[in-house]
Amino acid sequence: MNRPHRGAAGSRGLGTMEVKSKFGAEFRRFSLERSKPGKFEEFYGLLQHVHKIPNVDVLVGYTDIHGDLLPINNDDNYHKAVSTANPLLRIFIQRKEDADYSAFGTDTMTRKKNVLSNVLRPDNHKKKPHIVISMPQDFRPVSSIIDVDILPETHRRVRLYKYGTDKPLGFYIRDGSSVRVTPHGLEKVPGIFISRLVPGGLAQSTGLLAVNDEVLEVNGIEVSGKSLDQVTDMMIANSRNLIITVRPANQRNNVVRNSRTSGSSGQSTESSLPSSMPNILANSLQGEEESDEEDIIIEDSGEPQQIPKATPTSESLESLTQIELLHESTQNGFLPSSEMNLNHSTGSVSMEYEVQDPDHRSLEEDGTIITL
Amino acid sequence: MRRFLRPGHDPVRERLKRDLFQFNKTVEHGFPHQPSALGYSPFLRLMAIGTRSGAIKLYGAPGVEFMGLHEENNTVMQIHFIPDQCQLVTLLDDNSLHLWSLKQHSGASELREEHRFTLKGPPGSPPSATQVTAVLPHSSREVLYLGTESGNIFVVELPSFRVLEDRTITSEAVLQRVPEDYCNRRSCELVEALQEHPKNPDQILIGYSRGLIVLWDLQNSKVTHHFLGSQQLENLYWQRDGSKFISCHYDGSYTQWPVSSDNRQPEPLENLVPYGPFPCKAISKIYWQTTKNGLPYIIFQGGMPRASYGDRHSISVVHGSQQTAFDFTSRVIDFFIIFSSEPAAEFDDPSAMVVLAEEELVVIDLKTAGWPAVHPPYLASLHCSAITCSHHVSNIPLKLWERIISAGSKQNIHYSNMPWPIDGGTNIAPDPPQRDLLLTGHEDGTVRFWDASGVCLHLLYKLSTVRVFLTDADPNDNMNTLGEDEWPPLRKVGTFDPYSDDPRLGIQKIYLCKYSGYLAVAGTAGQVLVMELNDEDAEHVVDHAEADLLQDQEGYRWKGHEKLKTRDGPVRFEAGFQPFVLVQCQPPAVVTSLALHSEWKLVAFGTSHGFGLFDHQQKRLVFVKCTLHPSDQLALEGPLSRVKSLKKSLRQSFRRIRRSRVSSRKRRGGSGNASEVQEANAKFDQDALQEMELAPVQRKIEARSAEDSFTGFVRTLYFADTFLRDSSRHCPSLWAGTNGGTVYAFCLRVPPAERRMDEPVRAEQAKEIQLMHRAPVVGILVLDGRSTPLPEPLEVAHDLSKSPDMQGSHQLLVVSEEQFKVFTLPKVSSKLKLKLTALEGCRVRKVTVANFGSCKTDDYSENDLAVLTNLGDIQIISLPFLKLQIRYPCIRKEDVSGIASCVFTKCGQGFYLISPSEFERFSLSTKWLVEPRCIVDMPEVTSNNHVHNKSGMDNTARKS
């Protein structure tokens, strides 16, 4: 393939461009006027003509400078292909009926050989359903399991990210009763349970919540002793950043925790969770401010903008005491989370978490603390 | 997580909190819900009312009030005072008897239950054998006679309730000497009435239900007289001298019987069916009162002709040729006559008749010609038309107070001048610290002004807005005009009238400026009236304007009620508050918020569609702002389409009640009697719902969105003079908060006083804040440079408040149902917040700034927010740092109407409805506490300390 490459380089100066087109196992070479590439339809006709396949519907693709296989199906991407071809325009033609769509897309370079082999050997090529898969970094997370290291294995803390999307949170809760181990033996106590997941809702799409899971906490506040309506109101009030701690009805998918990893936070070994999930989620349970939770102001009928935080003046004393308290507890030392037992309270969970992971302590929690 | 970081309790602040805050339910105002029994002690001059939820309330002179609650929460059937004692016995519908006494404790009297007792028959006897039907406390004060269903009369000793079996009066003993033929016809039935002989305490009159009446001699344990009545007996009454008694019967007749030593089986003297000859209803109780002039008063309940007037609740008073059948608005529970109880007095000389009807107390002056009603100082029927809203104004200037009273006194001319006849006990509570007004808006378009300064909630003045409008009910069409010769001579008495001519007239919002006397009132059909206090009658035209809140938006159709039609031409108004401006919102949806600025002469009003500002000086609409979300069809269509959601919410509240039965029991034993009565009422209501079978409850978890219904609903309006545009110039402003979490701020330009009529008021929108949590905005407040809430209009001008600090920067406090947020002004940046719902799962229902003074030092006071949540808790939150100070459970969370009706005062008190007819008063402050404190002295028969309480041995106990 090197020889024609060099030859093409020589012809570049003439304003023409070398085209190497491949259909099945056959190659055709021809040249095009770089300045006047013409229309895609003409080019398509030309390809059919040179490959002698006048009545076959085909897909036309080219490899760009990054080695990605990109489609040519209109004037725009045809012109793009022509203008970026350096020095040679490599065209790949597939029959429409056995086209492999997955071959197209970014980052196909890494798979190039594979792609080429697919393209080259159409017989070999698997008929996959048409699924568009994109990369995780292109998306915001919709849910995560957090605080695995500090929670008992039977519990799961799930964070649902509502953002501004229209997708409903999509679940219902009900009253129920659960059995607790108390000093007086087993005791039936009232509890709150997930009663229904709305199909297509956020809760269902995460796969982390299920019907009959018992809700234990909402954003760090224990729900025991609270009525169904209170818990409903708490969840709705936190709906933009909802963190619910549940005891899943199905205990077989629990996160298996290695006690040695207890120092690091939020790293989940749950297989269903992409490993690229950001780790910043775990640092606070509630009260935390996110920019998308800020109110909006329109001044003098102008453009809406988010309301900034005021610089603190009078409350700084209180914030100081908070920080001091925090340091103090660090010195005193707290139980490592791995030794925590089932009977912990919410308060202790959060506190201990704060202490062991000072880098993540809730500096963004309150505007008054940030500035210190 | 912050709450875990909160530093420990600051001991100084904790101590201060104890000096500032304290929660008490102090007194119940209004008329007891579902009264079931009445009792009166001529000796103590106290009246007792029992209710179906087992409460017992004693009333004497204004301010003298006691309350007790039977643990069983059963209906109180009968109340009997023990003669010449501070004691009373109650009979409940579970056949238990309870002895209550008034005892002095640390300088004030208290009502306490001493003993309880249930009559037990021999084993194997039917329950009816001991079912008590009549109670007679004997004048010896040592025994109670208990007539039963079996016809036996048991004697129990007081106060031990020990049964004296040897003294039981069996029906066999009574029937021994009854003529054979009479006896065969009718066996002894239940004991209907027991009356002690007025002169001879050894004789009691026993009436059996089938008509037999006997006079029983206690000394010899035998019958002395037989009175062979032929009609089913209802009640008996002795004449004062004991020579005659009167019996009343089921067929509407009454009979006089002579009692003399020569005839042991007399024939009746007179038998009369007062409203015959056609069949009549029973006469259930009768009084025969002698007078000096010889003509007796015969007063009886019922007896109306069955066919044509059988549905009337009447009590007839006959005095010579005068006869009136008082026609009550609701069922008569019981009544008594106040008459001379001096034993030496020869005649009864009745002075007043006290009637307890199901919905109100009516007192008739029998001494004044025409028998006018007496205006009661307490037990007011708050619900004479259903209460739709309330508004409290503290510390009324004396001038306004007097003008309102004078306007009210002109309305009360038809009342008797008689001093309140039930005047036992002494009120020793300190005088109320200030004059407070509670204004209640009613379904019939009236506003009632109540003196809420002290223990007795007293009606001062009643304002009707109906006159401004054309309604179906013609005022000339008087239903009561009965001709002279009308028979029976019915006369309507009482004020209870739950039927509204037109629901659109209902009052929804009230705002009174106590300095200027301007009153703004807004109603169900989008009507806003601005009124001025005028001491004279006047006839004038009410200026009329319309505010189109939809502002020509296309495609909307209002499916609700039409706006009210107004009267053309001048209207005559009586002295008092007289409307001069009427603004009608279009569409005529219910007015949901109202604000009046008496200094700027502006009134702002909001509905579910938007809000508007009206200049009532120039009588010009300044602007309107539509807040409606285009997708909000529900708000557009009006109340008709809400029927479905109302149904849903009813269903949900039923479910809540059901679920909470367990938790409400747990909560019990809280703060004193008042809450216990409510618990009892609640239990009563819940029992009624018990059978309802309901589906399992689940709740949807969904974030609020901008498209939710009723987001445009204007929840709060607020006027403030503050820095809206820049920090150098402050200006008048109007703030509005909606159900969708939006706050609008308008900059106002109000011309100076000298050019006020020449230049128009201008308004321009300056800011719009959208709270991202989108919860309804329930309160907006501006704090001045010293973080003090801005004073009310004209407060500074009247030297009643320091001028606000305009040097330091102002802050804006926005209270939504879920969060409290403080923003800086004029540039809006968020400064502080308290996320109440996220932390506690409760939502803000009512919020007010209240001033709390320390009970220890006079010079310390602070402003805090008093907050009522949807769980019925009251929280106090500090200003300006939004720190939760204290929390008290106050109203049951299932009591939706109680929570909705709650109104806070400016000095840390509050009111809420515990029933349609009763306000509970509570206090959060250590300093301001209005509660009954009174003494009932035991009037010693020997030493006559209290002349008016002097009473003799004559205590004709009556069946109540």
Side-chain angles (χ1 to χ4, degrees), chain A residues 162 166 168-175 195-196 203 218-221 223 226-240 242 284-288 292-301 304 307-310 312 314-315 318 321-322 325-326 347 350-351 354 362 365-367, chain B residues 1-8 652 656 659-660 662-663 696-705 725 741 743 747 764-773 775 787 811 814 817-819 821-824 827-833 835-843 870-871 880-881 893:
Chain A
K162 176 78 174 99
D166 293 333
L169 284 168
F171 65 102
Y172 288 75
I173 56 173
R174 63 168 169 90
D175 279 318
S195 61
R196 186 150 89 84
V218 175
N219 288 53
I221 312 281
V223 303
K226 290 201 159 58
S227 70
L228 185 64
D229 288 323
Q230 273 177 285
V231 177
T232 306
D233 285 341
M234 285 166 70
M235 287 186 172
I236 290 172
N238 285 305
S239 57
R240 294 181 162 268
L242 183 59
S284 71
L285 293 178
Q286 66 90 30
E288 157 194 15
D292 68 339
E293 207 180 327
E294 277 315 311
D295 307 325
I296 289 169
I297 177 141
I298 304 169
E299 300 260 4
D300 293 334
S301 317
I307 293 181
K309 289 214 175 67
S314 43
E315 315 95 289
E318 193 215 357
T321 53
Q322 287 181 9
L325 186 91
L326 214 139
S350 317
M351 189 50 151
E354 288 280 313
S362 60
E365 175 192 325
D366 193 298
Chain B
M1 206 152 352
R2 234 178 120 170
R3 77 192 172 120
F4 308 118
L5 301 176
R6 190 168 289 157
Q652 282 171 351
R656 268 180 219 140
R659 261 184 302 111
S660 60
V662 183
S663 59
V697 185
Q698 55 177 7
R699 291 277 184 276
K700 190 177 188 183
I701 308 299
E702 207 45 79
R704 258 184 291 267
S705 80
R725 284 258 166 78
V743 175
C747 199
E764 198 182 338
Q765 180 163 345
K767 289 186 198 311
E768 180 179 332
I769 301 168
Q770 175 61 54
L771 303 176
M772 282 318 276
H773 63 286
S787 294
Q811 296 171 67
V814 177
E817 281 191 359
E818 295 186 353
Q819 299 187 4
K821 290 193 142 182
V822 174
F823 299 96
T824 56
K827 179 161 172 47
V828 175
S829 28
S830 71
K831 198 170 170 188
L832 260 183
K833 76 169 79 167
K835 292 169 89 174
L836 191 69
T837 308
L839 288 168
E840 299 185 22
C842 57
R843 282 185 309 220
N870 64 332
L871 304 179
F881 297 115
K893 68 170 180 244

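Chain A is the first sequence line, chain B the second, and so forth, proteins listed ahead of strands; every chain is numbered from 1. Predicted model, so just to flag it, every value in this text is computed and none were measured.
Counting only distance, with no hydrogens or angles, the side chain of B:Glu702 and the backbone of A:Leu169 share a donor-acceptor pair below 3.5 Å. Looking at B:Gln698, its side chain never comes within 3.5 Å of a backbone N or O of A:Arg196 through a donor-acceptor pair.
Put simply, CG on A:Asp233 and CG on B:Leu871 are 8.0 Å apart, with the number rounded to the nearest 0.5 Å. Here the straight-line distance linking atom OG of A:Ser195 with atom CZ of B:Arg699 works out to 10.5 Å at 0.5 Å rounding. In this structure, the separation between CG on A:Asn238 and CD on B:Glu818 is 8.5 Å, given to the nearest 0.5 Å. Taken from OG1 in B:Thr837 to CE in A:Met234, the straight-line distance is 9.5 Å, to the nearest 0.5 Å. Atom CD of B:Glu768 and atom CD1 of A:Ile298 lie 4.0 Å apart (nearest 0.5 Å). Considering SG of B:Cys842 and CG of A:Asp229, their distance stands at 12.0 Å, rounded to 0.5 Å.
The most heavy-atom pairs under 4.5 Å with chain A, out of B:Lys827, B:Glu840, B:Glu764, B:Glu817, come from B:Glu840.
Considering only heavy atoms from C-beta on, A:Arg240 comes within 4.5 Å of B:Met772 through its side chain.
Residues passing the side-chain contact (heavy atoms from CB on, under 4.5 Å) test with B:Leu771 are A:Asp295, B:Ile769, B:His773, B:Val777, B:Val814, B:Ser816, B:Lys821, B:Phe823, sequence neighbours excluded.
Taking each heavy atom of B:Ala703 and A:Ser239 in turn, the nearest pair found is CB-OG, 3.3 Å.
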